2 protein chains.
Amino acid sequence: MKTEELHCCGDIHKRASLDKWIERLQSTKLKLTTPRHVILEFLHKQSHPATNREIYNGISNDCDLASVYRTINLFIKIGFVHQFDFGDGIARFELIEPGLDSHHHHIICNDCSKVIEIDHCFPESLTKTISKHTGFSRIKHKLEFFGLCPNCQ
Amino acid sequence: MKTEELHCCGDIHKRASLDKWIERLQSTKLKLTTPRHVILEFLHKQSHPATNREIYNGISNDCDLASVYRTINLFIKIGFVHQFDFGDGIARFELIEPGLDSHHHHIICNDCSKVIEIDHCFPESLTKTISKHTGFSRIKHKLEFFGLCPNCQ
DNA sequence: TGGCTATTGCAATACATTCGCAATCAAAAG
DNA sequence: CTTTTGATTGCGAATGTATTGCAATAGCCA
Ligand SMILES: [Mn+2]
Ligand SMILES: [Mn+2]
Ligand SMILES: [Zn+2]
Ligand SMILES: [Zn+2]
């Protein structure tokens, strides 16, 4: 019996190996430091977005909390990490494979905070309609779902 | 020439009169205090979500900032106000007419922060699909759009 | 290996939001 | 109208997340 049996969208988080991510980091001008290495390693293991404090707790002694914040902000800037907002005022972060196919959303249980990845997305056609109606271009969206998970209903 | 010419979704914010809102407040056990009155009045005038500080600045001298926070939280609890998140870590609030027809979203310009109301919503059928796939019930969504407004492209 | 510079640790800071508590006031009772 | 009373307020302090200044440190390259 696999521990993955509860996963619902296994393909979403298909990721390159950790080594691949480290290569990617080294292919920039940025230094491969211990904080960057351990944070990359930590994020690579996660299956859901993690807060800066969760990251810090998961790697403790290897890096200061302020450096977790700085490193995550850096990873966002170079496109390694996406930020998600689950409505509690605490930012959450996920390592995201380059390319649009890994864009996805989440559903969060209002009771127990269980998170499941969702591969359904806001329809492209509706986005085009919104673009026509508003005149906005380069439209992106932030979308998360909330409800009661099977265990909490 | 009307000043409303730039509005794109005029129907979304059709609202009861301020007096109606005050009646609604009085029909609860809650006291009609000056802070509650002026905040209701301020929110009633707005066409976009406002931050607690914007509310405070818009009514200054009539109410303490802490009481703005408390009043807004109260209004959320009794269903008068909805909270929106534009991704900058500052909560925004809008007076929302009871009933599902006033549920809506926004598009925010990444450059100048211009906000336009959007009446398109995440499709109900897809929500049902997500419910089947995940087992979650009572699913709600948070959805906001971001892009470049006509003036900023 | 040594030097240059990016990066880090640490503490201080910024900022949104909440809380404790005494003073106040809206609403009900007399 | 006056009194009573508990909800509500103002004020300051506290909380929690996130950022920043700066001296010390440590990758990376010559
Ligand atoms: Mn995810
Ligand atoms: Mn709105
Ligand atoms: Zn999407
Ligand atoms: Zn919607």
Side-chain angles (χ1 to χ4, degrees), chain A residues 19 21-43 49-78 80-94 113, chain B residues 19 21-43 49-78 80-94 113:
Chain A
D19 286 345
W21 280 105
I22 295 186
E23 278 176 35
R24 281 175 188 156
L25 182 58
Q26 286 177 319
S27 78
T28 68
K29 306 251 175 218
L30 300 164
K31 293 181 182 175
L32 175 57
T33 62
T34 301
R36 289 171 186 171
H37 190 284
V38 295
I39 290 172
L40 219 38
E41 188 172 27
F42 178 86
L43 290 176
T51 66
N52 276 305
R53 183 157 295 276
E54 286 167 349
I55 296 167
Y56 175 68
N57 289 337
I59 63 172
S60 56
N61 293 16
D62 288 328
C63 169
D64 185 72
L65 180 58
S67 293
V68 174
Y69 278 94
R70 279 190 282 232
T71 301
I72 289 296
N73 284 341
L74 175 78
F75 284 175
I76 288 175
K77 193 160 57 182
I78 64 178
F80 282 23
V81 159
H82 285 195
Q83 175 169 344
F84 296 92
D85 184 348
F86 288 0
D88 60 358
I90 310 177
R92 286 174 167 79
F93 308 94
E94 216 180 274
S113 298
Chain B
D19 286 345
W21 280 104
I22 294 185
E23 279 176 35
R24 281 175 188 156
L25 181 56
Q26 285 177 319
S27 77
T28 68
K29 306 254 173 217
L30 300 165
K31 293 182 181 175
L32 176 57
T33 62
T34 301
R36 287 169 188 174
H37 190 285
V38 295
I39 290 172
L40 219 37
E41 190 172 25
F42 178 87
L43 289 176
T51 66
N52 276 306
R53 184 158 293 276
E54 286 167 348
I55 297 168
Y56 175 70
N57 290 337
I59 63 173
S60 56
N61 293 17
D62 289 327
C63 169
D64 185 73
L65 179 59
S67 292
V68 174
Y69 277 93
R70 278 188 283 231
T71 302
I72 289 296
N73 284 341
L74 176 77
F75 284 175
I76 288 175
K77 191 160 58 180
I78 65 180
F80 282 23
V81 159
H82 285 194
Q83 175 170 344
F84 296 92
D85 184 350
F86 288 180
D88 60 357
I90 309 177
R92 287 174 166 78
F93 307 95
E94 217 180 273
S113 298

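Only heavy atoms go into these numbers, but all of them, side chains included; no hydrogens, no water, no symmetry mates. As the structure is a computational prediction, the values presented were derived from the model and not from experiment. Quick note on labels: first sequence line is chain A, next is B, and so on, each numbered from 1.
In terms of position on DNA chain C, the residue among A:R70 and B:Q26 whose nearest nucleotide sits closer to the 5' end is A:R70.
Using a 4.0 Å heavy-atom cutoff across all strands shown, B:R36 reaches sugar-phosphate atoms only and no base atom. If you check every strand for non-hydrogen atoms under 4.0 Å, A:L65 touches nothing.
Here the P atom of nucleotide C:dT8 and the NZ atom of A:K31 are 9 Å apart, to the nearest Å. Nucleotide D:dT8 holds its C1' atom 13 Å from the NZ atom of B:K77, rounded to whole Å. In this entry the distance linking CG of A:D62 with C1' of C:dT7 reads 16 Å, nearest Å. Atom-to-atom, CG of B:D64 to C1' of C:dA23 comes out at 13 Å; the value is rounded to the nearest Å. Rounded to an integer number of Å, the gap from OH of A:Y69 to C1' of C:dT7 is 19 Å. We find that CZ of A:R92 is positioned 10 Å from P of D:dA18, with the value rounded to whole Å. In this entry the distance linking CD1 of A:I76 with C1' of D:dT19 reads 14 Å, nearest Å. As rounded to whole Å, 16 Å separates atom C1' of C:dT17 from atom CG of B:L74.
Considering only the side chain of A:S67, C:dG9 comes nearest among D:dG10, C:dG9, D:dT20. Among the nucleotides D:dC28, C:dT17, C:dC10, the one closest to any side-chain atom of B:N52 is C:dT17.
Considering every non-hydrogen atom in both B:A91 and B:Q83, the closest pair reads CB-NE2, 3.4 Å. Between B:R36 and B:F75, the closest heavy-atom pair is O-CZ, 3.9 Å. Residue B:G58 comes nearest to B:F42 through the heavy atom pair CA-CE1, 3.6 Å, listed as atom of the first residue, atom of the second, then distance. Taking both residues in full, the closest heavy atoms of A:L25 and A:F80 are given as N-CZ, 3.8 Å, listed atom of the first, atom of the second, then distance.
B:I55 contributes atom CD1, which lies 9.5 Å from atom OH of B:Y69 (distance to the nearest 0.5 angstrom).
Remark: A:N73 is in phosphate contact with D:dT19, judged by side-chain N or O atoms under 4.0 Å from OP1 or OP2. For the OP1/OP2 pair of C:dC25 and a distance below 4.0 Å, the side-chain nitrogens and oxygens of B:T34 include no atom meeting the criterion.
Side-chain to base pairing of A:R53 with D:dG16: no donor and acceptor N or O lie closer than 3.5 Å to each other.
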